[in-house]
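Computed from heavy atoms alone, side chains included, the values below leave out hydrogens, waters and symmetry copies. Here is how names work: the chains are called A, B, and so on, in the same order as the sequence lines, proteins then strands, and each is numbered from 1.
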Amino acid sequence: MPELPEVETVVRSIAPHVVGRTIVSATLSSPLVTRGGLEETARAITGATVGAVRRRGKQIFFDLNCGVMYVHLGMTGKLLWDAGTGKHTRGLIQFKEGTLQYQDIRQFGRLEFFATLPNFLERSGPDALTIDFQTFYSGLRAHRGQIKPLLLNQAFLGGLGNIYVDELLFAARVHPKAAAGRISRKRAELLHRKMQELLELAIVHRGSSISDYVDARGERGAFQALHRVYGKTGQSCPECGSPIRRVVVAQRGTHYCPRCQRA
DNA sequence: ATCTATTCCTGGCTGC
DNA sequence: TGCAGCCAGGAATAGA
(Lines give C-alpha, C1' and ligand atoms only; values in the text may rest on other atoms or scores of the structure.)
Protein backbone atom coordinates (compact mmCIF):
# COMPACT_ATOMS: atom_id res chain seq x y z
CA MET A 1 0.00 0.00 0.00
CA PRO A 2 1.84 3.05 -1.16
CA GLU A 3 1.65 5.92 1.33
CA LEU A 4 3.92 8.94 1.62
CA PRO A 5 7.24 7.12 2.25
CA GLU A 6 6.60 4.63 -0.56
CA VAL A 7 5.52 7.34 -3.01
CA GLU A 8 8.56 9.45 -2.08
CA THR A 9 10.82 6.43 -2.69
CA VAL A 10 9.20 5.84 -6.07
CA VAL A 11 9.63 9.50 -7.05
CA ARG A 12 13.30 9.46 -6.03
CA SER A 13 13.97 6.28 -7.96
CA ILE A 14 12.16 7.44 -11.11
CA ALA A 15 13.25 11.08 -11.32
CA PRO A 16 16.89 10.52 -12.43
CA HIS A 17 15.66 8.47 -15.39
CA VAL A 18 13.08 10.88 -16.75
CA VAL A 19 13.89 14.45 -15.78
CA GLY A 20 15.00 16.42 -18.81
CA ARG A 21 14.03 13.58 -21.13
CA THR A 22 11.42 13.41 -23.86
CA ILE A 23 8.57 10.95 -24.28
CA VAL A 24 8.91 9.23 -27.63
CA SER A 25 5.67 7.26 -27.53
CA ALA A 26 3.08 5.99 -25.06
CA THR A 27 0.72 3.03 -24.90
CA LEU A 28 -2.06 3.08 -22.31
CA SER A 29 -4.37 0.12 -21.86
CA SER A 30 -6.65 0.58 -18.85
CA PRO A 31 -9.72 2.83 -19.17
CA LEU A 32 -10.13 2.53 -15.40
CA VAL A 33 -6.68 3.92 -14.72
CA THR A 34 -6.66 6.44 -17.55
CA ARG A 35 -10.17 7.86 -17.58
CA GLY A 36 -9.28 10.76 -19.79
CA GLY A 37 -9.18 8.41 -22.78
CA LEU A 38 -6.40 6.00 -23.71
CA GLU A 39 -5.58 7.37 -27.16
CA GLU A 40 -6.08 11.01 -26.25
CA THR A 41 -3.85 10.75 -23.19
CA ALA A 42 -1.12 8.87 -25.05
CA ARG A 43 -1.21 11.46 -27.81
CA ALA A 44 -1.11 14.36 -25.33
CA ILE A 45 2.07 13.20 -23.58
CA THR A 46 3.92 12.01 -26.68
CA GLY A 47 6.66 14.45 -27.55
CA ALA A 48 6.54 16.09 -24.10
CA THR A 49 9.67 16.76 -22.09
CA VAL A 50 9.69 16.07 -18.34
CA GLY A 51 10.74 19.13 -16.36
CA ALA A 52 10.41 17.66 -12.88
CA VAL A 53 8.83 14.84 -10.89
CA ARG A 54 7.09 16.01 -7.74
CA ARG A 55 5.09 14.47 -4.95
CA ARG A 56 2.35 15.97 -2.82
CA GLY A 57 0.83 13.58 -0.32
CA LYS A 58 0.37 10.38 -2.28
CA GLN A 59 0.03 12.21 -5.60
CA ILE A 60 2.80 12.18 -8.19
CA PHE A 61 3.15 14.95 -10.77
CA PHE A 62 5.33 14.74 -13.84
CA ASP A 63 5.65 18.36 -14.93
CA LEU A 64 5.65 18.44 -18.71
CA ASN A 65 6.27 21.33 -21.04
CA CYS A 66 2.64 20.95 -22.21
CA GLY A 67 0.91 20.20 -18.89
CA VAL A 68 1.20 17.56 -16.20
CA MET A 69 1.04 13.79 -16.07
CA TYR A 70 -0.63 12.81 -12.82
CA VAL A 71 -0.08 9.40 -11.20
CA HIS A 72 -1.74 8.02 -8.11
CA LEU A 73 -0.68 4.49 -7.19
CA GLY A 74 -3.90 3.65 -5.37
CA MET A 75 -3.51 0.31 -3.61
CA THR A 76 -1.40 -1.74 -5.98
CA GLY A 77 0.09 0.70 -8.49
CA LYS A 78 3.77 0.47 -9.43
CA LEU A 79 5.98 2.74 -11.50
CA LEU A 80 8.89 0.74 -12.90
CA TRP A 81 11.87 1.64 -15.01
CA ASP A 82 12.93 -0.78 -17.76
CA ALA A 83 11.07 -3.73 -16.30
CA GLY A 84 9.43 -6.66 -18.05
CA THR A 85 5.75 -6.36 -18.87
CA GLY A 86 2.96 -8.58 -17.59
CA LYS A 87 -0.79 -8.97 -17.41
CA HIS A 88 -1.05 -5.98 -15.05
CA THR A 89 0.83 -3.57 -17.25
CA ARG A 90 -1.50 -0.58 -17.74
CA GLY A 91 0.83 1.86 -19.39
CA LEU A 92 4.16 2.02 -21.23
CA ILE A 93 5.84 5.37 -21.69
CA GLN A 94 8.84 5.17 -23.95
CA PHE A 95 11.83 7.45 -23.70
CA LYS A 96 14.88 7.19 -25.92
CA GLU A 97 16.78 6.13 -22.77
CA GLY A 98 14.32 3.52 -21.50
CA THR A 99 10.72 2.74 -20.58
CA LEU A 100 8.57 3.96 -17.72
CA GLN A 101 5.95 1.36 -16.95
CA TYR A 102 2.79 1.60 -14.92
CA GLN A 103 1.51 -1.66 -13.45
CA ASP A 104 -1.59 -1.95 -11.32
CA ILE A 105 -3.30 -5.18 -10.27
CA ARG A 106 -6.51 -3.72 -8.89
CA GLN A 107 -6.64 -0.56 -10.97
CA PHE A 108 -7.48 1.74 -8.08
CA GLY A 109 -4.66 3.96 -9.29
CA ARG A 110 -4.67 6.73 -11.90
CA LEU A 111 -2.47 7.83 -14.74
CA GLU A 112 -3.87 10.96 -16.37
CA PHE A 113 -2.81 13.94 -18.39
CA PHE A 114 -3.99 17.44 -17.55
CA ALA A 115 -3.19 20.56 -19.52
CA THR A 116 -3.97 22.45 -16.30
CA LEU A 117 -4.52 20.93 -12.86
CA PRO A 118 -8.21 20.46 -12.09
CA ASN A 119 -9.83 21.69 -8.89
CA PHE A 120 -10.20 18.28 -7.27
CA LEU A 121 -6.42 17.90 -7.31
CA GLU A 122 -5.82 21.36 -5.93
CA ARG A 123 -8.12 20.49 -3.04
CA SER A 124 -5.51 18.11 -1.66
CA GLY A 125 -4.23 19.22 1.72
CA PRO A 126 -0.71 20.11 2.86
CA ASP A 127 1.91 17.39 2.80
CA ALA A 128 2.33 15.43 6.04
CA LEU A 129 6.12 15.73 5.85
CA THR A 130 6.18 19.52 5.69
CA ILE A 131 2.96 20.77 7.30
CA ASP A 132 3.77 23.33 9.99
CA PHE A 133 2.62 22.76 13.53
CA GLN A 134 0.17 25.64 13.67
CA THR A 135 -1.74 24.52 10.57
CA PHE A 136 -1.79 20.95 11.88
CA TYR A 137 -2.94 21.98 15.33
CA SER A 138 -5.68 24.34 14.21
CA GLY A 139 -6.92 21.62 11.84
CA LEU A 140 -7.21 19.21 14.75
CA ARG A 141 -8.99 21.79 16.88
CA ALA A 142 -11.53 22.54 14.18
CA HIS A 143 -12.52 18.89 13.75
CA ARG A 144 -15.39 17.38 15.77
CA GLY A 145 -14.78 13.75 14.84
CA GLN A 146 -12.26 11.05 15.62
CA ILE A 147 -8.54 11.48 15.08
CA LYS A 148 -7.94 8.51 12.77
CA PRO A 149 -10.45 9.42 10.03
CA LEU A 150 -9.11 12.98 10.11
CA LEU A 151 -5.49 11.88 9.66
CA LEU A 152 -6.60 9.67 6.75
CA ASN A 153 -8.45 12.56 5.11
CA GLN A 154 -6.20 13.66 2.24
CA ALA A 155 -7.96 17.01 2.00
CA PHE A 156 -6.80 17.77 5.55
CA LEU A 157 -3.36 16.17 5.35
CA GLY A 158 -1.73 14.52 2.37
CA GLY A 159 0.28 11.35 2.63
CA LEU A 160 -0.82 9.20 5.55
CA GLY A 161 -2.63 5.92 4.92
CA ASN A 162 -3.77 3.11 7.14
CA ILE A 163 -0.34 1.76 8.05
CA TYR A 164 1.35 5.01 9.05
CA VAL A 165 -1.71 6.34 10.88
CA ASP A 166 -1.76 3.26 13.12
CA GLU A 167 2.00 3.49 13.67
CA LEU A 168 1.81 7.21 14.38
CA LEU A 169 -1.05 6.97 16.86
CA PHE A 170 0.88 4.28 18.71
CA ALA A 171 4.08 6.35 18.74
CA ALA A 172 2.20 9.34 20.17
CA ARG A 173 0.08 7.16 22.47
CA VAL A 174 -3.18 8.47 21.08
CA HIS A 175 -6.28 6.28 20.85
CA PRO A 176 -7.53 6.00 17.22
CA LYS A 177 -11.03 7.05 18.26
CA ALA A 178 -9.87 10.01 20.34
CA ALA A 179 -11.75 13.22 19.60
CA ALA A 180 -9.43 15.27 17.39
CA GLY A 181 -10.70 18.58 18.74
CA ARG A 182 -9.86 17.60 22.31
CA ILE A 183 -6.22 16.77 21.75
CA SER A 184 -4.10 18.97 23.99
CA ARG A 185 -1.53 21.30 22.48
CA LYS A 186 1.21 19.26 24.09
CA ARG A 187 -0.13 15.99 22.63
CA ALA A 188 -0.60 17.64 19.25
CA GLU A 189 3.06 18.71 19.35
CA LEU A 190 4.04 15.12 20.04
CA LEU A 191 1.81 13.85 17.20
CA HIS A 192 3.26 16.41 14.78
CA ARG A 193 6.86 15.62 15.73
CA LYS A 194 6.36 11.84 15.72
CA MET A 195 4.60 12.04 12.37
CA GLN A 196 7.53 13.70 10.68
CA GLU A 197 10.08 11.47 12.44
CA LEU A 198 8.14 8.35 11.46
CA LEU A 199 7.81 9.38 7.82
CA GLU A 200 11.46 10.40 7.54
CA LEU A 201 12.62 7.14 9.08
CA ALA A 202 10.34 5.16 6.77
CA ILE A 203 11.80 7.00 3.77
CA VAL A 204 15.31 6.09 4.94
CA HIS A 205 14.14 2.47 4.91
CA ARG A 206 12.63 2.93 1.44
CA GLY A 207 9.08 2.41 2.66
CA SER A 208 7.08 -0.57 3.82
CA SER A 209 6.42 -3.61 1.64
CA ILE A 210 3.44 -5.45 3.03
CA SER A 211 2.36 -7.15 -0.15
CA ASP A 212 2.89 -5.52 -3.52
CA TYR A 213 4.89 -2.38 -3.02
CA VAL A 214 8.23 -2.03 -4.82
CA ASP A 215 10.20 0.98 -6.01
CA ALA A 216 11.13 1.83 -9.62
CA ARG A 217 13.87 -0.81 -9.59
CA GLY A 218 11.44 -3.46 -8.37
CA GLU A 219 13.01 -3.51 -4.91
CA ARG A 220 11.02 -3.91 -1.73
CA GLY A 221 11.15 -1.54 1.21
CA ALA A 222 12.41 -2.53 4.64
CA PHE A 223 10.35 -0.48 7.05
CA GLN A 224 7.73 -3.21 7.61
CA ALA A 225 10.30 -4.86 9.89
CA LEU A 226 10.02 -1.81 12.17
CA HIS A 227 6.23 -1.74 12.37
CA ARG A 228 5.13 -1.85 15.96
CA VAL A 229 1.36 -2.33 15.81
CA TYR A 230 0.21 -2.53 12.18
CA GLY A 231 -0.69 -6.15 11.37
CA LYS A 232 0.39 -7.27 14.86
CA THR A 233 -3.03 -8.29 16.19
CA GLY A 234 -2.66 -10.46 19.27
CA GLN A 235 1.08 -9.95 19.54
CA SER A 236 2.67 -8.26 22.54
CA CYS A 237 2.90 -4.49 22.59
CA PRO A 238 6.61 -3.56 22.27
CA GLU A 239 6.18 -1.02 25.10
CA CYS A 240 4.03 -2.77 27.70
CA GLY A 241 3.46 -6.35 26.56
CA SER A 242 -0.34 -6.12 26.33
CA PRO A 243 -1.86 -7.87 23.31
CA ILE A 244 -2.31 -5.59 20.32
CA ARG A 245 -5.98 -5.18 19.51
CA ARG A 246 -7.65 -4.88 16.12
CA VAL A 247 -10.86 -2.94 15.69
CA VAL A 248 -12.54 -1.26 12.73
CA VAL A 249 -12.42 2.54 12.58
CA ALA A 250 -13.63 4.39 9.52
CA GLN A 251 -14.06 1.01 7.76
CA ARG A 252 -10.34 0.32 8.15
CA GLY A 253 -8.59 -2.34 10.13
CA THR A 254 -7.08 -0.48 13.07
CA HIS A 255 -4.30 -1.79 15.27
CA TYR A 256 -3.49 -0.30 18.65
CA CYS A 257 -2.39 -1.06 22.18
CA PRO A 258 -5.36 -0.69 24.54
CA ARG A 259 -3.04 0.02 27.44
CA CYS A 260 -0.64 2.51 25.86
CA GLN A 261 -3.35 4.27 23.86
CA ARG A 262 -6.13 5.12 26.29
CA ALA A 263 -9.45 6.41 25.04
C1' DA B 1 -20.21 19.00 9.67
C1' DT B 2 -19.42 14.45 10.10
C1' DC B 3 -20.82 9.98 10.09
C1' DT B 4 -21.55 5.19 7.86
C1' DA B 5 -22.06 2.30 3.95
C1' DT B 6 -21.11 1.31 -0.75
C1' DT B 7 -18.53 1.03 -4.88
C1' DC B 8 -14.58 0.14 -7.64
C1' DC B 9 -10.97 -4.24 -8.34
C1' DT B 10 -8.03 -8.63 -8.04
C1' DG B 11 -5.21 -11.88 -5.63
C1' DG B 12 -4.52 -14.42 -1.60
C1' DC B 13 -6.34 -17.05 1.72
C1' DT B 14 -9.71 -20.30 4.13
C1' DG B 15 -12.57 -24.10 4.17
C1' DC B 16 -14.89 -27.75 1.89
C1' DT C 1 -5.10 -29.29 -10.72
C1' DG C 2 -11.41 -26.98 -7.87
C1' DC C 3 -14.12 -23.13 -6.17
C1' DA C 4 -17.12 -20.20 -3.39
C1' DG C 5 -16.72 -16.74 -0.01
C1' DC C 6 -14.36 -13.42 2.35
C1' DC C 7 -10.78 -9.96 3.12
C1' DA C 8 -7.39 -6.17 2.19
C1' DG C 9 -8.17 -0.73 1.46
C1' DG C 10 -7.52 4.77 -1.25
C1' DA C 11 -10.78 7.62 -2.57
C1' DA C 12 -15.13 9.07 -4.54
C1' DT C 13 -19.86 9.03 -3.64
C1' DA C 14 -24.50 8.66 -1.65
C1' DG C 15 -27.40 9.01 2.04
C1' DA C 16 -28.31 9.73 7.23
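We find that CG of A:Leu140 is positioned 17 Å from P of B:dA1, with the value rounded to whole Å. Here C:dA8 presents its P atom at 12 Å from CD of A:Gln251, a figure rounded to the nearest Å. The NE2-P distance, from A:His72 to C:dA12, rounds to 8 Å in whole Å. The interatomic distance linking A:Leu73 (CG) with B:dT10 (P) rounds to 18 Å, in whole Å. At whole-Å resolution of the value, CZ in A:Arg35 and C1' in C:dA11 are 10 Å apart. Summarising the geometry, the separation between CD on A:Glu112 and C1' on C:dA11 is reported as 14 Å, rounded to the nearest angstrom. In this structure, the NE2 atom of A:His255 is 14 Å from the P atom of C:dC7, given to the nearest Å. Distance A:Met75 CE to B:dT10 C1': 11 Å, rounded to the nearest Å.
Within 4.0 Å (heavy atoms only), A:Tyr230 reaches sugar-phosphate atoms of the nucleic acid but no base atom. Across all strands shown, A:Gly253 has heavy atoms under 4.0 Å from sugar-phosphate atoms exclusively, and none from any base. Among the atoms of the strands shown, only primed sugar atoms or phosphate atoms (P, OP1, OP2) are found under 4.0 Å from some heavy atom of A:Ala142.
With axes fitted over five pairs at each extremity, the angle between the ends of the helix from B:dT2-C:dA16 to B:dC16-C:dG2 is 40° (10° resolution).
The stretch residues 147-172 of chain A touches DNA chain C through A:Gln154, A:Asn162, each having a heavy atom within less than 4.0 Å of the strand.
Judged by distance alone, with hydrogens and angles left aside, the side-chain atoms of A:Asp166 form no donor-acceptor pair with the main-chain N or O of A:Tyr230 at under 3.5 Å.
Candidate nucleotides C:dA8, C:dG10, B:dC3 were compared by shortest atom distance to the side chain of A:Lys58, and C:dG10 ranks first. Side-chain atoms of A:Phe108 lie closest to B:dC9 of the nucleotides B:dC9, B:dT10, C:dA8.
Close to B:dG11, at under 4.0 Å from its OP1 or OP2, lies a side-chain N or O of A:His88. Applying the 4.0 Å criterion to OP1 and OP2 of C:dA8, one finds that A:Arg252 has every side-chain N and O outside that range. Applying the 4.0 Å criterion to OP1 and OP2 of B:dC9, one finds that A:Gln107 has every side-chain N and O outside that range. At the phosphate of B:dG11, OP1 or OP2 sits under 4.0 Å from a side-chain N or O atom of A:Lys87.
The existence of a salt bridge linking A:Arg259 and A:Glu239 is excluded, since no basic side-chain nitrogen approaches an acidic carboxylate oxygen closer than 4.0 Å. Under the 4.0 Å criterion applied to side-chain N and carboxylate O atoms, A:Asp215 and A:Arg12 are not assigned as salt-bridge partners.
Counting heavy-atom neighbours within 6.0 Å of A:Glu197 CD, excluding the residue itself, gives a total above 12. Counting non-hydrogen atoms of neighbouring residues, nucleotides and ligands closer than 6.0 angstrom, the CZ atom of A:Arg185 exceeds 12 such neighbours.
Classification of the A:Phe223-A:Tyr164 ring pair by plane angle, with boundaries at 30° and 60°, yields parallel. By the 30° and 60° cut-offs, the orientation of the rings of A:Tyr256 relative to A:His175 is perpendicular. Relative ring orientation between A:Phe136 and A:Phe133 is described as tilted, the plane-to-plane angle lying within the 30° to 60° band.
Under the side-chain hydrogen bond (donor to acceptor under 3.5 Å, both in side chains) test applied with A:Ser30, the options A:Arg35, A:Gln107, A:His88, A:Arg110 reduce to a single match, A:Gln107.
When the nearest nucleotides of DNA chain B are assigned to A:Arg144 and A:Arg90 by heavy-atom distance, the more 5′-ward of the two goes with A:Arg144.
Side-chain N/O atoms of A:Thr49 and A:Thr22 include a donor and acceptor closer than 3.5 Å.
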